[in-house]
Amino acid sequence: GGKDLDSDLARWATARFLADRPGREITPYSADRLLQACRDAKETLSAEPEATIGVETFSNDDALEETIDRAHFERLVAPRLERMIDVVEETLRKAGRTPAELDRVLLVGGTTYVPAVVRRLTDALGRAPEAAVDRDCAVALGAAIAASDDVTEREASLDERTVPDRPRPIVIRDVAT
């Protein structure tokens, strides 16, 4: 997921920083700030060809500032993208399906804004995935629906639940079978 890509970027930036400053220690607080800066850079690289990772007073009052271009970032995270494709292919195999048998491929989750993710999925599945749903809310909405299903199983008397979603709520009704 996105945190894995952020971590890959943080390891790269830290290694570059420490190459010129051997023996320096990175505090947990500095590492957290670096992860946030890497997340911001990843998001920037989804729309721009280059991003700067910057953390003031990263270690012993030294600032960390590294610039990375999209092509370098994509090479850095390529093993993760290949793992993603392996999971997709394994899932299709277990389901006894081929990419051609899929009606649609929908992108969900923030990581799907990364152009390399879309490209790799397009290459692997032979078609461009769709972004027809709100990528940022789809995972949370699915989790809410799954959680409400769990509640329903435990509380049989509950026959209607509302999952808030802006601008209008989604109402889930249980149908007696």
Novice: With a 4.0 Å cut-off, would you call Arg120 and Glu82 a salt bridge?
Specialist: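 Looking at Arg120 and Glu82, the cut-off is met.
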Novice: Just how far is it from atom CZ of Arg75 to atom CD1 of Ile68, taken to the nearest 0.5 Å?
Specialist: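 Separation between the atoms: 8.5 Å.
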Novice: Can you find a side-chain donor-acceptor pair between Gln36 and Asp40 that sits under 3.5 Å?
Specialist: yes
Novice: Would you name the heavy atoms of Ala37 and Gly54 that are closest together and state the gap between them?
Specialist: CB-O, 3.7 Å
Novice: First locate atom CG of Leu45, then atom NE2 of His72, and finally report the distance between them rounded to the nearest 0.5 Å.
Specialist: 11.0 Å
Novice: Should we count CZ of Arg83 as having more than 12 external heavy atoms under 6.0 Å?
Specialist: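 No, not enclosed.
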Novice: Report yes if some heavy atom in the side chain of Thr14 is under 4.5 Å from a heavy atom in the side chain of Phe58; otherwise report no.
Specialist: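 Result yes, sub-4.5 Å side-chain heavy-atom pair found.
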Novice: For the residue pair Pro49 and Asp69, establish whether any side-chain heavy-atom pair is separated by less than 4.5 Å.
Specialist: no
Novice: Is any NZ, NE, NH1 or NH2 atom of the basic residue among Asp8 and Arg11 found under 4.0 Å from an Asp or Glu carboxylate oxygen of the other?
Specialist: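 Looking at Asp8 and Arg11, the cut-off is met.
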Novice: Do Val108 and Met84 sit in the same hydrophobic cluster, where Ile, Leu, Val, Met, Phe, Trp and Tyr count as joined when their side-chain heavy atoms come under 4.5 Å apart?
Specialist: no
Novice: Taking all non-hydrogen atoms of both residues, which atom of Pro129 and which atom of Leu121 are closest, and how far apart?
Specialist: CG-CB, 4.1 Å
Novice: Compare all side-chain heavy atoms of Asn60 with those of Arg21 and state whether any distance is below 4.5 angstrom.
Specialist: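 Side-chain contact under 4.5 Å: no.
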Novice: So if you build clusters from Ile, Leu, Val, Met, Phe, Trp, Tyr with side-chain heavy-atom gaps below 4.5 Å, do Ile85 and Val105 land together?
Specialist: yes
Novice: Can you give me the closest heavy-atom contact between Phe73 and Lys42, atom names plus distance?
Specialist: CZ-CG, 3.8 Å
Novice: Looking only at non-hydrogen atoms, find the nearest pair between Pro99 and Leu92 and report the distance.
Specialist: CG-CD1, 3.9 Å
Novice: Over all heavy atoms of both residues, which pair between Pro115 and Glu74 is shortest? Give the atoms and the distance, please.
Specialist: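 Where Pro115 meets Glu74 most closely, the heavy atoms are CB-OE2, 4.4 Å.
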Novice: Is it true that Val88 and Leu81 fall in one hydrophobic cluster, defined by side-chain heavy atoms closer than 4.5 Å?
Specialist: yes
Novice: How close do Leu64 and Ala13 get, heavy atom to heavy atom, and via which atoms?
Specialist: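 In this case the closest contact between Leu64 and Ala13 is CD1-O, 3.8 Å.
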Novice: Does some side-chain heavy atom of Ile26 sit less than 4.5 Å from a side-chain heavy atom of Phe17?
Specialist: yes
Novice: Side-chain heavy atoms under 4.5 angstrom apart, residues restricted to Ile, Leu, Val, Met, Phe, Trp, Tyr: same cluster for Trp12 and Leu18?
Specialist: yes
Novice: Do Leu125 and Val117 share a hydrophobic cluster, counting only Ile, Leu, Val, Met, Phe, Trp and Tyr and linking them when any side-chain heavy atoms are less than 4.5 Å apart?
Specialist: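 Same hydrophobic cluster.
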Novice: Is the CD atom of Glu25 crowded by more than 12 outside heavy atoms at less than 6.0 Å?
Specialist: no
Novice: Counting only heavy atoms not in Arg39 (residues, nucleotides, ligands), do more than 12 fall under 6.0 Å from its CZ?
Specialist: no
Novice: Say whether, by atom type as modelled, one donor and one acceptor occur between the side chain of Arg33 and the main chain of Glu56 under 3.5 angstrom.
Specialist: yes
